[in-house]
Structures are given as structure tokens and as C-alpha cells.
Amino acid sequence: MSAVETPAPAPKKTNRLGFEIIQYRGGKTTLCAGCGHNAITERIIEACFEMDVQPWQVAKMSGIGCSSKTPAYFLGQSHGFNGVHGRAAATATGALLANKHLKCIVVSGDGDTASIGLGHFMHMLRRNPPLIYIIENNGVYGLTKGQFSATADVGSRLKSGTLNTLPPIDCCLIAIEMGATLVARSFSGDKKQLSVILKACLAHNGLAVVDVISPCTTFNDHDGSTKSYAYMKDHEEPIHELGWIPSYEDIHVEIEEGASQEVEMHDGSRLLIHKLEHDYDPTDKVRAIKYLHEASQRKEVLTGILYVDRGKQTLIEQLRLVGQPLATLPERLTRPPREALEKIMDEYR
Amino acid sequence: MSAVETPAPAPKKTNRLGFEIIQYRGGKTTLCAGCGHNAITERIIEACFEMDVQPWQVAKMSGIGCSSKTPAYFLGQSHGFNGVHGRAAATATGALLANKHLKCIVVSGDGDTASIGLGHFMHMLRRNPPLIYIIENNGVYGLTKGQFSATADVGSRLKSGTLNTLPPIDCCLIAIEMGATLVARSFSGDKKQLSVILKACLAHNGLAVVDVISPCTTFNDHDGSTKSYAYMKDHEEPIHELGWIPSYEDIHVEIEEGASQEVEMHDGSRLLIHKLEHDYDPTDKVRAIKYLHEASQRKEVLTGILYVDRGKQTLIEQLRLVGQPLATLPERLTRPPREALEKIMDEYR
Amino acid sequence: MSASPLALAGDAPVSTQRVVNDFSIQVATANGSGSQTANTVLMRSIFQMGVPVSGKNLFPSNIAGLPTWFTIRANHKGYIGRKKEYDFLVAMNPETAREDVEKLQPGGAAVYDEPLGLDKLRQDVVFYPVPFDKLAGPVCPEAKLRKLVRNMIYDGVVAHLLGIDFDEMRKALVKQFGPKKQKAAELNWGAVLAGKEYAEKNLPKRDRFFIEPMNKTQGKIIIDGNTAAALGCIFAGVTVLTWYPITPSSSLAEPLISYLERLRVDKESGEATFAVIQAEDELAAVGMAIGAGWAGARAMTCTSGPGISLMSEFIGLAYYAEIPVVIIDVQRVGPSTGLPTRTMQGDTLKNAVVSHGDTLHPILFPCSPEECFSMAQDAFDLAELYQTPVFVNTDLDLGMNNWMADPFTYPEKPEVRGKVLTAEDLNRLGGFARYRDVDGDAIPYRTLPGTNHPAAGYFTRGTGHTETAAYSEREDDFINNMDRLARKFEGLLNHLPPDETSVNPRARVGLLCCGTSRYAMEESQDQLAQEKGLETSRLRVRAFPFGPAVEDFIDRHDRVYVIDQNRDGQLLSLLKLRLSAERVAKLRSVRYYGGLPLDARTVTEAIVAQEGI
Amino acid sequence: MSASPLALAGDAPVSTQRVVNDFSIQVATANGSGSQTANTVLMRSIFQMGVPVSGKNLFPSNIAGLPTWFTIRANHKGYIGRKKEYDFLVAMNPETAREDVEKLQPGGAAVYDEPLGLDKLRQDVVFYPVPFDKLAGPVCPEAKLRKLVRNMIYDGVVAHLLGIDFDEMRKALVKQFGPKKQKAAELNWGAVLAGKEYAEKNLPKRDRFFIEPMNKTQGKIIIDGNTAAALGCIFAGVTVLTWYPITPSSSLAEPLISYLERLRVDKESGEATFAVIQAEDELAAVGMAIGAGWAGARAMTCTSGPGISLMSEFIGLAYYAEIPVVIIDVQRVGPSTGLPTRTMQGDTLKNAVVSHGDTLHPILFPCSPEECFSMAQDAFDLAELYQTPVFVNTDLDLGMNNWMADPFTYPEKPEVRGKVLTAEDLNRLGGFARYRDVDGDAIPYRTLPGTNHPAAGYFTRGTGHTETAAYSEREDDFINNMDRLARKFEGLLNHLPPDETSVNPRARVGLLCCGTSRYAMEESQDQLAQEKGLETSRLRVRAFPFGPAVEDFIDRHDRVYVIDQNRDGQLLSLLKLRLSAERVAKLRSVRYYGGLPLDARTVTEAIVAQEGI
Ligand SMILES: Cc1ncc(C[n+]2csc(CCOP(=O)(O)OP(=O)(O)O)c2C)c(N)n1
Ligand SMILES: Cc1ncc(C[n+]2csc(CCOP(=O)(O)OP(=O)(O)O)c2C)c(N)n1
Ligand code: SF4
Ligand code: SF4
Ligand SMILES: [Mg+2]
Ligand SMILES: [Mg+2]
């Protein structure tokens, strides 16, 4: 028996907060039928439900695009902020500064993140804010009708026949290099893998970046596309099979020597990794980078948890913020006393 | 005898265009005494002189910063464009579109390129415009009085004692990954190496990125800085010694098996590489990336020509531009004939 | 339901008179259902019958599945502005059907998808149920295409009911599909015929609306403003386009690229006389265009409000360093992302002053495809002549809707390339000073990088500079240069397209607008005259800074209503900044900012209220 | 050269009267030579003698080596605006020495570095040569420091010549170096004494200028506007600062960070009650501040013109989505990079309307350190009360120069946190509608993310929305919301700091300005009265939108001169946009845009010319 098959959880109606899954749903989607983004929305809903996420603690942040609309379609009870194109990294970081207890979920598109937002994305990576950053990657600008984005592969073609000649930006590679502490790639069609990955992100204390290949059925699901359902069926290469044991379940799992690995997450949950690519080690940065490069030269789309670093300080830790959210600190903590001003005035006299 | 010692060129007063070196000088510098940027300016002047660059074909482009001021201090006869902060990649690309024959030299700072301009820098890399992009890297914002830039190393300190906790952006690493076709790092204090590198850039047809560690004597040359003269003396690790044979010199050089290499540049000049790091191969992208990562973990600053790719299409080639600069095409080539309009009108009737 | 329109019941008595060539058809579908083709064919058929027509597509900011409306207005008098009311409904979208029927004018008619069962909703309307799915099956064996073909069926039904000529409809359809898609065209034509046959057999005419042939569209074309602007750029000799996708300006860039590829690539060598870059964002887009303009290209970008905001810093550089660049702003509803698929003139004031510090930019305001075509050319000429960014403020209504237009006339004047000194000029002159006012028009001379002359080089900067382009922080240098820039701006008045005026010597009241407000303004003039006996004059400004016609116009009238498609009266604001207080005192404001194309009734009502008539 | 001032020769006869406490000292050095300390000590010494004083630092946009001037104006009447003329020169910079001497007022005096040999340049000026290098050697054995210490020598010389109290100078010096650098202070004091001794022995007093003790500065402080604003933010309870370096606003962020670290870190736990991020650019800086404001922080950014341009898109989002954020704009000379180390009010109009579409933003205009302190607090209160971006438009003159000020008063009112609903409120109310005008003041209620209540959540967007924050493209939703935003803006009038007015009942002429133009305006009033007998009133607007005082002021006068430190009359423009044409008709324009702090003479001359007096 494979080590990653966790005991199938009994189908439950409510989670440990007593919420039904419906409380994790949002408005009705206005995306196209078959859009990969909708599937990701479903996985987010499930993961939050199963991980007992308190909806009122969640801040959903996004930029502009079909993908960036999706926060309206999940966690309807949470606060959401659909800002401007390419700048969700900034608004999300800001929100966390104001309230470090927020569970911040950013949803962005490949155009949003890798084209207009690339600079902000990269600088966010350096800071390691504790949030989840999901890129719904379809290789095109869906909402503006299908122009190539910066993740489009060399040689891929638009429906109109237009050829992309520019090398793609690999958001995972960049994320690993620049300092994200959990980096994963998945495919909107891979329910099981994406679910575990999202759970791992929810359990992680640090910046978790997930690049999800998410076909755009309307503009980029044809032959010649490298972000189509068909292409992904042929080219997806999971580096491991993943299993998940929630923190509150006290289950012992047999780990098959060499091929398997158990990673304890910040919240005490355990991620079970059954290696398919035997020399892939998600804790070795340089090797992971090399591996990704080589795979992309082979035109393989590696999926799975590509990199984890559980030791690095988060932005919040670096800033040494007080326990209470800055947003609601009482005036007595934010306004220095009268004497402080008098002392300063004396210094300028 | 080392293979890289090229025959010392006879001291010449004029180059093959008949120009004296003074014709490659510019205005008097207004930078601080000892600023690394001034040394780079000198090297640019020499390289252009020695490579017989026609000053009137040069466009000097820059952003904003002490570094970005330097185009005023070299090639006084050339056109220069000191634009806005962080956006020289855009203005330079635009200038090349208008006139593909321009020899475009961009001078930027680390703040300009790696902080505010990072997105543009990276997207320029993908396009491979044939231009030279020099980053005068001092780890700080010189012109705004010494705040950390995004290339500052973790653990480096400002004079005031402030510690940098964010990981640095390695512009060379990014350049190699994103598609630049000649990537080099040097040190403003390393006259000989920087000279050869700049010559190689001038001979290269494609995007050449040079990251030059260039100490800021006023704000970042103290103990605790990793961009100081002293630090560079201790931590610079040239990967090879470089020699240069101009295209018009017909010299045969003994190449020492294994350790040396001769690379023919686009203009027919030859770059002589004597390897110091024996397993470094500047034509192997993935290995180069791995090597850079490992070196930086060892706190070594690798210098030399880190990567070359002479095969890739330039932006100009991708666009299949006509021979004559777009800027000066006659109207008969830019305005379609009367019949063309009539035909189109018929289609809308 | 009663069998004859005469028997219609309802609150208000409804006229049963025949209505010919003067009504609006509203087609309600869902986005992404492919109704665009059916609607265009319907509109074109009417147009080909010689009846003035306009079409407005009201679509949501998503890709598929949300409600979409297309309104075709046929009007024998030639009014082509939006009309609020519609008379003839095609109700295909279950989501909005009820509301769509409720908004129908009394005495109107509705073709609807039979399963929706709408006929009980109103008594004062004629209903025509059509079983679209049943009809579509036999016409289109391929289930995947049926959703699209369904729409063609309503074309057949409506054409039959309104008396539209089926020969014209066939022509329109064949044209729409183009020579390469004749098979698809035949499939669709089958659907039209299926609709026609169904209507012939099952839907006796009971409404009042008829299309009858006229000859008011002869020689005209139908085109959208964005394509027209794209063609303008082509014939202006654009050489560099750098852009970033954004609705509603992508549909300007995209046809422009197609035409460039069609007309400006050497058939043999495959070499292009242009460069296009889809940039990573708007900062890069305008930055590249500015770099290209600096180096001598006819360079442009196109965008919409959010893009302009991002371009602000760079635009200030181009103003101050005097670099030509054309910026076409296809305006949509702001602030922020606003209503990205709705129309507004929200950047009228904004673009004139965009960027920090003292900056002022010329703007052209096209109102029609013809002007999109001609003003795109003017913009390039002005940008190079004045070495400055030039805005073309069009809008979503103009850019993305189909408009009747006269065929565009080939440019008679050569491209204006401005004061560029060549190596020969420099030989003759010995040298030049980049920012010197040599000719007294405040426009300096420039050289292009790459000019083969030792005196050609100069240093461009966004910082203070002398006449010879040297760095300077001196007070006098700064002031002198800024004063020259101000004079240069005033000089534009000599070269901007003149305003369009129609003065009624008896009128005490004037109407003033820019761009697409024109259509509502003109129709409102007739409404005011006919309904209230109020005679009016009109002026449409075609450019900022405003020409002398504006002052003259104000002087000739007691009150002038300034019509703005924005909340803050931005055209009025610009007038306030430029005109004497005496003239400003005569100005009144009419504003609409709901995101739909402006309609005459809104203007009329605002004026009637303010006039107290 | 003659030995006595009485024997001065020159074109114009020069008064030889004693000039006490009413003259300007100009110190000309090179950037990076460390003269800042010497100049501050000199200025402070005069201040400590009770004489009103102001200091203006004119520095280039580089780090070291270029000419720099520091002007100290001592004025017994309390005028602290810039004066164009200077009377007493300290010429240390060979590069500018000649020009510096030429600009000296007739009858002036010049201390100069002996090797420059300036004494032959003019006859109508007293020269005092000082061999600085020779004097510096013995004082400062360490050659590296000599360049800095040299400057202290002129303090000694000047103090001796002008009669400045050396006890005060010593106090000023000790203060300047602070308790941690007493060794450096002693070294420098040695230099002062060396200068003093040299002057005593070699430089008999021959000029007319004297500083004598007064009591006009008692209790006052000297501080720069940026530090004052930083302190304002501190006492406003700022919790999030996100910024990007730019002159002249970095020197606001930097002391703010120091004070945060000093006052807002728990001594034991090391925990901070604030977060500071140096962002990668201005887009991120304002974006983070907006994210933080949305989530409930007192969030701010500070920048200058180019930064505002880059923030444009985000500012529109904050306006439309109603998110509090404070933006302090320390204005410098634009357009573009302009003169980055010079002052201007170049964003007065710009900031009010920045971003595409219909946006309008409140602005506060501080004129003094006291107002920098108080208005920074007002800004946070207003931003949270009105849920909107609030600008504080200060400028380089105010921000980076040292000003006399009254000690700041501790805020008496609690922080205004606006309409934020807590979980308890929601329990009571059952729910809320994010964009509903519940109280009739057009200000809606909000909740903060993380509020522990199932009804707290809502969705913020830059797109069209209903009262309940649902997505909407409906015309009526859009218009209603925009109308409410317009009403909300007008509501600001109830909470903005009132304008400062001084009406002279006999005056027919009024002067109107904002910010730092105040000093020149007030001094000009006296000049107009004394020189031309023109009595005037004045009004200084303290905020946009303008309060009712402006209209009242205009109504009380025949003509009102609007003083602008920019080319395009941006304050005047804002007035034109807001006022009736009748009132606008009374407005005249006085503009200066050379980058130096505005001086009274410039204002006076402009008014005299327009008045024809
Ligand atoms: C400043 C700005 N520029 C351009 C746009 C237009 N725009 C809207 S969505 C989008 C691209 C979205 O692409 P992506 O992020 O990949 O999302 P997708 O729709 O593919 O999910 C663009 C360019 C905008 N809204 N704002
Ligand atoms: C939009 C904008 N923001 C900020 C600035 C202020 N600024 C001028 S130079 C500079 C940093 C320069 O740093 P770097 O590029 O490293 O150049 P260096 O001076 O160190 O050579 C900054 C932030 C500016 N000019 N424009
Ligand atoms: S256009 Fe593409 S990305 Fe957008 S909703 Fe449709 S399928 Fe999804
Ligand atoms: S501040 Fe630093 S970077 Fe700038 S000129 Fe001086 S030494 Fe060079
Ligand atoms: Mg996408
Ligand atoms: Mg730097």
C-alpha cells in the first residue's frame, strides 16, 4: 500500500467549527463554462472547509482578470478586495500589516502576476509575508480576450495562429529563487493534488505560492496551446503523490524507506510525500531550481510541492509586531504620552 | 605563458575612425570623489574608443540615480536620454525600434533596475533587444542618500547600523534565466576585466547585461557593507581571465587544452577565456545558474562573463524590421497607396 | 391574447398607426452566445435598404453567460444617437426576459423564445413566440453550433415581420462571414430561412413597425470607431505601436496590427516597415513609444483610463523633454476599474493636465469614424510638429459600436515630420541648440540619434536644462524654458482642427459638447425646437486648447449648455480654466454619467428643467 | 581697498547707518562639505539671542561637490520668508565666489577664503579675507576632518563681526552635536574660537551689520517641516508607513521611522506597535498603505510629484472603493524630474483631481511646522472619517528648511476612527450595507476584515457596486453611488481646518494663497502699504475643498490676487473650478515658478504692476 493513501475521511456534513460547506461558498460564478478557474474555486472551498478555516478571519485579495474575479465566488462571508490590475501583492501585504491574524488568500492571473505585476510579485517574495498566493495560470489574458501573457510558452499559438516567440516566466522558479517558503505547481484538473497542496498552504506560516495551470476554455484550449486540458494531460509530471493528515488526527503512517517522506507543517498537520521523481528534494533550493530548468527543457510540467522552507522568518516576525492587530490598537498604545512630546520639544528648543 | 595575455596594443592616439579618446569623453562628473561609477565611466570611454565605436551611432539611455547621471560624463557627442526612474529598459527598447542601427548603451543603478524597474528589466530580458545594459551596483540608493536597494545582501548594514534582512536580487542570475544572451559581472575596481567585458558587449549582437559592483564611497563603503572596496577585494572570485583580439587583428593564439577557450563574437572579434573555475561553462545555462547559486551561498562574488548565447534571435530579428531605420522611412513606405484605402472602404460598404 | 393590435389593452391608449423606419429594436441575449453576428447582419440589412441605422452593443465585463443587449435604431431622419426607449424586442435571455418586456414601449412588439412564456406579462404589447430550439435542430445537425445558429433564426423572423428585404439580408450575411467561411454562411442562411418560414406560417403581422427602402445610406460604410482610428494610424504612417491590452482599446490595437501585417509587410522579403510590441504594462507601453518618438518614429500607444493613470509619470517626461508621442484614450467608465464595458468622457479634464507639476497636453475629440480616421493622422502630425504628447480622446461608444460613415478620404497632405535637422542641415548651420526658440513659435529643433554628424548629439533629460540641453538648476533657465513651453502650447491653436459650429441667428441659447455627445446634442436641438419652441445653436469642440470659435460662440448667446458625459463636468472645467469669467458666467452644465451612450432625451430634459420651460 | 565703510565707493551712494537685526547672511559652499552644521549653529545662535530668524538651504541635486548656498535671514519684525537680496556673504566656494560677490547688496560685507582674492571685485562692499586652511591646521590635526572643521571657523569670524553672543553659540553647538558627540563638539568649538581670535586680531569691524539681543523667540523651537510632519504622524497614532525614497520626502520618512523606533517599541518585549516597509516603488508603497487602510490601520505614505504620478491609478481605487489613506506630498519642482532639490507648489490642482475618471480628493495645505504637526493629525482623522485618500501638500521649502515655531501642543481630542462597525455593533444591527448612506452625511459604515461576526464580510472592488457592495453594471447603481461620493466630498467642508483670514475693512484688494506662500504674502502686504499706500486683506486657504470664508473674502473685496508657486496658477485653477463666475471675475494671478522659496518682493512687484500703482 502506498504511504500517501491517508485513511479516507468519513464524509462529514460540518467541520470542526460546526460550519457546513455551503458557508464556504460564494456568489455564482460568471466565468465561462469549463474554465479551469472554476475548478480551483471549488478546491479552495473544500480546502477551507476541511481545514476548519474561520471565514471571518480570511481576507481574499485579487487584482484584475477572470481569475481575479473568483474571490467573489468562494467564502462569501469573508472580506474580499478586488483591487487594481497586478497589484494584489501590495494590497495583501498592506492588509497583513494592519492585521497579522488575517488568513490572506490572494488569487491572481498569469497576466496579473507575471506581466504587469511581476515587479511587485518578486518583491513580495523577498519579504515572505505569511499568505497564500494562487496564480490561475492559463497563458493568456482571459478577460481581455485571449492575448498572450508572460507565462505563454515559446512556440505556443493563439487561436488566430499568432505564435509566441518570447520565453515564458516560470513563477515557481522565481518564487523559489526569491524567497517564497512554500512553492507548488498544480493543474486545475488534478483535484486530489490541488486539494492537498491548498491544505498545506493553509497550514504553512509564510508565503505559499501556488501556480495552477488552469485552462481558458474560451481562448486557450485549442491545439497549439500549451495550457490546454489536452496538453496538460500529456505533459503533467507529478513529482510525488501527496497525502494529508490533519493536525488533530493521531494516525501513524508507514513510511516507505527512500521514496517517501513526512513533513510536519506549522499547524501540526502532516504532509505525506511519496516521491515519483526519486531525486527530487523539495527542501534543497539549488537542486529544485536545477530540476525545474531541466524539466522545462524536456517540456515537462512538473507538479507537486516543489519547495518548502519552514525555517525562514516571516515578514510579520521580521517586523516584530505586537500581538494585537495594529488596526485595532487602542489609542493609548499608538499615541505617545504628553511627556514624550514635551521632551521632544525641549530637544528642538 | 597564459593564453589570455593578448599582445599589448601599441599605445595609439587615434582609433581606426581617426578619433582621439577625448572625443569619447563627456561632461565633468558631478559624482563624489572615489565613486565606483566614475571608474565605470572611464572603462566605457576606453572600450568605445578601442572598439572604434562611431559616437554618432550611440544612444545613451538611463533612468534616475547617481549611476543614471553618468551618461552625461561619457561620449559627449552621442545622443543621450536620461528618462525617469527605473524605466530605461522601456525607452531604450523604444529607441531601438525606431532605429535598429543605434548602438544603445543603457546605464542604470541597482535601485533603478532591481527595485522600481525590476518588472521592466525582466520583460526586456525576455525580448533580447540588441543593446548593452550596465547596472552600476552599489547596494544602495546613492542619490537619495543611501537607503538599501534590492541588491543589498542579507546581513549587510547601513552606516546608521540598520540591518538588511531581505534576500538580494541577483541581476545576473535573473538575466541568465530570463533570456539575456551575454551576462557578465565585474567590479568597478577591476580595470582589465571590465574593459574586456565591455568590449565583448560592444561586439555582441543581442542583449548584454553587465552587473558591475561599484562602491558608493559616501554611503556604502564602510565595514558591514558587502559592496565596499574592501569587501570586494576579499570576496571577488573571477571565474576566468579574459583576453580580447579585435576583429581586424589576425593573431593566432595558443589555446591551452581544457582550461582555455576562444569565443568568436558577432563582429568577428575573439574573446579569450582562461578558466579559473574549471567546471564553469558560460554556454551552459542550467549549470551557470547552479554555479551562481552555490557561489552566493559561499559568499563569493563571481565575476567574469557568466553566460553567452550567440544563437538566439534578437528582438529586431523577431520583428523582421526593414533595413532602413523606421524613423527615417520615406512616406511612400509608411503610407499605403490610395488604392489600398479604397479597397478597404469597399470591404466596409 | 387578442388577435389584432387594434384590440390591445393597457393603461394608456396606444397609437396603432404604421411606424416606418423610425423605431428601435432591442435584442436581449447572453454574452458569448454569438449573437453579435446575427445582430450585425440584421443591422446591415436595414442599412443596405438605405435606412439610416445605428447599433449599440451593451455587454457585460465578462466573457460569457451574462446578459447582453444590442439595440438597432432605424431612423429616417438620420438620428443615430442612442434612444432610451425601444419598440421591438427579441427576448432570448431567460435571465432578463421579464425586465426586458417590462421596459418595452407601449404598443411595442416582442419576439421571444417560446419556453419563456412571456405573453402573459403585458397586454399592451404584441407577442410572437418562436420555438428556437425546435427550429434549430433540423437546420444544424451539429449540436455544438446550434447555440450560435439559433440566433440567426431570429434574424429570419424579424426580417419577415418588419419587411426587411431577404436579398439584402443574404448579402449582409455573406459579407459578414467573408469569402473564407462560405460554408458557415450557408449554414446560417439556412437558419434565417427557417425563421422566415416559421414566421410566414405561424406569426401573422400584428405590430405597427415596418422597414421600407430609402436612399439615405448610399455610398456609406459601416465601421466601428476603433477600426477607423486604426486605419487613421495606418495612413498616418505609424511606425511603432506599443500597447497593453485593455477594454475598450484592445479592439483598436488588434485591427491596427492586422492592417499593418496586411499592408506594411514586404510580400517578398517579409520585412516590416513597423514594429509592434505588446508591452508588459502601460508604463512600458508608453515608455517604449516615448523612446521611439525620441528616436524619430511615428510612435503611439492606445489605452483607457487606468492605463493613462499608470502612464502619468512618463507623460510628464515627454511633455517636459519635448518628445512626440500619440496616445489614444478610448474612454470607459471610471473612476478606477469602474464599468469597463460602458462608455464615458471621464478623462476630458484629466488628460489635459495629467502628470505632476505644470503640464498641459493637447487633446483631439473625434465624434465619428471619419474623425477617428482623420484625427489619428492629425495627432501624429501635431505630435511631431509640436514635439509633445498628443491625446486622442475617443470613447467606448464610438470605438466599439458600429457606425454609418462616409468612406474615408485619402490624406491629401504629406506627413508632417516637424523640425528635425539632418546631417546636411547641420553642415549648413554648423550646429544647433536643442531648446532654442529659433523661429519665434517656441518650437525648437531636434536631431535624431544616429544622425551622421558630430554636432547632432544632445542630451535629453527630465531635469532642468538650458537652451543647449545642458543640465541647469538655475532659476532663469527654468523659468525661460517653462515660459517657452507655455507659448508652444498656445501655438497649437494654429494647427488644431477647427471646431464645428452651427449658429442659428435667432437662438439665444447655445449647446456645446465634444465627441460622441454630438448625436444627442443635435437630436435634442430638434426636440427643443419642436416640443418647446426653443431655438438653439450648437458648437462641437474638436480639440483642446479651444479655438477662438468657442469665445465667439459664447459671445453670440445668452446661455450656453455644456454637455458632459461625466459627473464632474470635465469639459466645463476645461472651459473654466481657459475662458474669461464673463464668458464662464454664461455656461450651464448638462451631465450624464450612467455609462450608456448619451441620448437626446436626457439632454433635452436637463435643458428644459434649467430653462424652466 | 579703503579702510572705512564711510569711504566705500560705488555707483549708488550707500547708507552707512547701523543695520541691526534686519539683514541676510549668505554662506556659499560646496555640497557635501559639511557646512550644514556650521550654518545651523550660526542660525541657532542668532535665534537664541531672541532675534527672529529663518534659514534656507539651496542645494543641488547631487551628493557632493556642487555649489550650495545657505541663507540666514535675521529680521526683528519677524519676516521669515526668503529675501532675494543678501547683505553679508561668506564665500567659501571658488566655483561661485565671483558671482556670489557680484550679487551682494551694495554696502554689504563679504568674509572670504583668502586665496580666492575677491577683494578687487567690488568697491562698494567690505571684504574680510580669512586664511581658513592655515587656521584649520592647528585646530584639527586629523587631515580628514579638516574640511568639515574649516566651516566652523567662519562661524567664529561671523559671530565676532556681527556681535553674536559666543555663549549662545557654544550652546547651539553643543546642542547640535548632541550628548553622544561631545568630543566632536569640542573640536569644532576650537575652530569657532580660532575664527573668533583671528577676527579679533585681524579684522576690524568695517561693515554696518549687527545682531543685538531681543526677546522675540522665547519659548520657540527650531525645526524643519518634515520632522514636524513626522511628529504629527506619530501623535496621530500612525500604525503603517509604506514609502519609497525620494527627495524631499525621504527626510520625512526617516525621522518618522526614528521616532517610531524610539517611542513605539516596547522596551522589554521589543515588540512594535507599527509597521514600516520601504517599498520597491511608489505603486507598491501606496498599494500597501491602501491595503492597510482597508484592513483598519492608520496608514500613510509620503512622496513627491513623480511618486504621485505613479500612484495615480491606486489613488482612484481608494477614492472609489472608499478606503482611508494619508498621502503626504512634499512638493518639489516639476514637471518630470524637474529640479528635485527646489521648491514649488506644482501639485495643487493635480492632486485634487489625480487619477482617471471623476475623482476628487481633499488636500490640506500646511504653511508652518506647527501646521505640519497638526494637519498630519487632521489628515488621519479625515481619512478615516471620510474613508478616502487625504493629501497633505507641503513643499521642499517647508519640509527641508529649518523654521522657528511654537512648541507643538499635545492633541486634545482622541483619534477619530470613523464609522467602523464592531462585532457587537453587528449583533445589535443584525447586518449592514457597506455603501449605504445611513446617516444622511453620505458616509457609509464599514467593517474591518477579521471582525468576528458572520455578517461582517463584504467585497471591496474598484468596479461598479450596489449599496450592499455587490457587483453591478446598472446605470442607476452607478449614478447613485457617484452622487453619494460627490455629496460626501461636500461634507468635508464640515471638518476641514478653517482658512486663516485677516480682513482690513479699508482694503479693496485681497491677497489669497496657500501653504508657504504665506510668508511672502504677509511681508508683501507691508511693502504694499508702506511703499504704495495700498492696504490689503489676506486669506490663506488651509484646505481643499475651500470653505465659505473664501467666498466671503472675495465678496468683501474688489480684486483678489491669488498667489501661486507654479506656472499654471493651480490654486487659481482650483478656485475657478469651485467658485461662481462672478467671484472668479475678481481674481487676479500672481505666479512664481523659479524653484526658490517665494519672496515678498516678487509678490509686491506683480501686484504693483497689475494695480498700475
Ligand atoms: C491598468 C490596467 N491595464 C489593463 C487592464 C485590462 N485587463 C483586465 S484583465 C487583464 C488581464 C488579465 O489576465 P490574467 O491576469 O491572466 O487573468 P485571466 O483573465 O487570464 O484569468 C487586463 C490586461 C486593466 N484592468 N488595468
Ligand atoms: C518615481 C521616482 N521615485 C523616486 C525617485 C527618487 N530617486 C532618485 S534616484 C533614486 C535611487 C537611485 O538608486 P540607484 O538606481 O541604485 O542609483 P545610485 O544613485 O545608487 O547610483 C531614487 C529612489 C525618483 N527620481 N523617481
Ligand atoms: S475567458 Fe477564459 S479565463 Fe476567462 S472565464 Fe472564460 S474560460 Fe475562464
Ligand atoms: S552618493 Fe555614492 S553613488 Fe552617488 S556619487 Fe556619491 S559615491 Fe557615487
Ligand atoms: Mg490568464
Ligand atoms: Mg545604487
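Here is the naming used below: chain letters follow the sequence lines, and residue numbers restart at 1 for every chain.
- With contacts defined as side-chain heavy-atom distances shorter than 4.5 Å, the pair B:Leu315/C:Ile277 qualifies.
- Aromatic ring pairs are classed by plane angle as parallel below 30°, tilted from 30° to 60° and perpendicular above 60°; the pair C:Trp294 and B:Phe81 is tilted.
- With chain B as the partner, the residue from C:Gly450, C:Ala297, C:Ala469 showing the most heavy-atom pairs under 4.5 Å is C:Gly450.
- Put simply, CD on C:Gln48 and CZ on B:Arg349 are 12.5 Å apart, with the number rounded to the nearest 0.5 Å.
- We find the CD-CG distance between C:Glu271 and B:Leu333 to be 11.0 Å, quoted to the nearest 0.5 Å.
- Heavy-atom minimum distance, C:Leu263 versus B:Ala340: CD2-CB, 4.0 Å.
- Looking at C:Gln218, neither its backbone nor its side chain comes within 4.5 Å of chain B, counting heavy atoms on both sides.
- Residue B:Met122: no heavy atom, backbone or side chain, is found under 4.5 Å from chain C.
- For the atom pair CD (C:Glu313) and CZ (B:Arg87), the distance works out to 6.5 Å, reported to the nearest 0.5 Å.
- To the nearest 0.5 Å, the span separating CZ on B:Arg335 from OG1 on C:Thr273 amounts to 13.0 Å.
- Contact annotation: the side chain of B:Tyr348 approaches that of C:Thr227 to within less than 4.5 Å [non-hydrogen atoms, C-beta and beyond].
- Residue B:His101: no heavy atom, backbone or side chain, is found under 4.5 Å from chain C.
- Exactly one of C:Thr447, C:Thr451, C:Thr460 qualifies for a side-chain hydrogen bond (donor to acceptor under 3.5 Å, both in side chains) with B:His79. That residue is C:Thr447.
- Most heavy-atom pairs under 4.5 Å with chain B: of the set C:Ala455, C:Pro414, C:Gly462, C:Ala321, this distinction falls to C:Pro414.
- There is no contact between C:Tyr320 and chain B, counting heavy-atom distances below 4.5 Å.
- Comparing B:Ser78, B:Ala59, B:Gly27, B:Pro55 by how many heavy-atom pairs each has under 4.5 Å with chain C, the most go to B:Ser78.
- Proximity to chain B is limited to the backbone of C:Ser269, based on heavy atoms less than 4.5 angstrom apart.
- Considering only heavy atoms from C-beta on, C:Arg262 comes within 4.5 Å of B:Ile344 through its side chain.
- Taking chain B as the reference chain and counting heavy-atom pairs below 4.5 Å, the highest number among C:Phe274, C:Tyr471, C:Phe314 is found for C:Phe314.
- With respect to chain B, the highest number of heavy-atom pairs below 4.5 Å among C:Ala318, C:Ala279, C:Ala470, C:Pro407 belongs to C:Pro407.
- Ranked by heavy-atom pairs under 4.5 Å with chain C, the first of B:Leu102, B:Thr30, B:Asp346, B:Val58 is B:Leu102.
- Using a 4.5 Å cut-off between heavy atoms, C:Leu317 contacts chain B through its side chain alone, with no backbone atom that close.
- No other option in C:Gly316, C:Ala236, C:Gly219, C:Gly178 has as many heavy-atom pairs under 4.5 Å with chain B as C:Gly219.
- Summarising the local packing, NZ of B:Lys145 is surrounded by 12 or fewer heavy atoms from other residues, nucleotides or ligands at distances under 6.0 Å.
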Q: Give the C-alpha distance, both sets of side-chain angles, the deciding distance and a yes or no for side chain to side chain contact (heavy atoms under 4.5 Å, CB included) between B:His120 and C:Asp281.
A: CA-CA 9 Å; B:His120 300 310; C:Asp281 61 20; 3.2 Å; yes
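- Annotation: side chain of C:Leu448 is in contact with side chain of B:Thr328 (closest heavy-atom distance under 4.5 Å).
- For the pair B:Thr334/C:Glu415, a side-chain contact is recorded, criterion being any heavy-atom separation below 4.5 Å from C-beta on.
- In this structure, chain C has a heavy atom under 4.5 Å from the side chain of B:Arg127, while its backbone stays farther away.
- Of the residues considered (B:His85, B:Glu331, B:Glu342, B:His123), B:Glu331 shows the highest number of contacts with chain C, using heavy-atom pairs under 4.5 Å.
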Q: Please step through side chain to side chain contact (heavy atoms under 4.5 Å, CB included) for the pair C:Thr242 and B:Thr93, ending with a clear verdict.
A: CA-CA 10 Å; C:Thr242 49; B:Thr93 303; over 6 Å; no
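- Across B:Gln324, B:Lys103, B:Arg338, the residue that shares the most heavy-atom pairs under 4.5 angstrom with chain C is B:Arg338.
- Here the side chains of B:Met345 and C:Tyr410 are not in contact, with every heavy-atom distance at 4.5 Å or above.
- Chosen from B:Ile64, B:Thr91, B:Leu75, the residue pairing most often with chain C at heavy-atom distances under 4.5 Å is B:Thr91.
- For B:Ala98 against C:Ala292, the heavy-atom pair with the smallest separation is CB-O, 3.4 Å.
- Of the atoms belonging to C:Tyr259, it is side-chain heavy atoms, and not backbone ones, that fall under 4.5 Å from chain B.
- Nearest heavy-atom pair across C:Pro454 and B:Gln77 is CB-OE1, 4.0 Å.
- Nearest heavy-atom pair across B:Leu326 and C:Thr239 is CD1-O, 3.5 Å.
- B:Leu97 pairs with exactly one of C:Leu241, C:Val240, C:Val276 by the side-chain contact (heavy atoms from CB on, under 4.5 Å) rule, that one being C:Val240.
- Looking at C:Arg264, the atoms closer than 4.5 Å to chain B (heavy atoms on both sides) all sit in the side chain, from C-beta outward.
- Considering only heavy atoms from C-beta on, C:Asp266 stays 4.5 Å or farther from B:Val322 through its side chain.
- C:Ala284 touches chain B through backbone and side chain together, each having a heavy atom under 4.5 Å away.
- Chain C forms more heavy-atom pairs under 4.5 Å with one residue of B:Pro325, B:Gly76, B:Ala72, B:Ser62 than with any other, namely B:Ala72.
- For the pair B:Trp56/C:His453, no side-chain contact is recorded, criterion being any heavy-atom separation below 4.5 Å from C-beta on.
- With a threshold of 4.5 angstrom between heavy atoms, C:Ala456 approaches chain B through its backbone and through its side chain.
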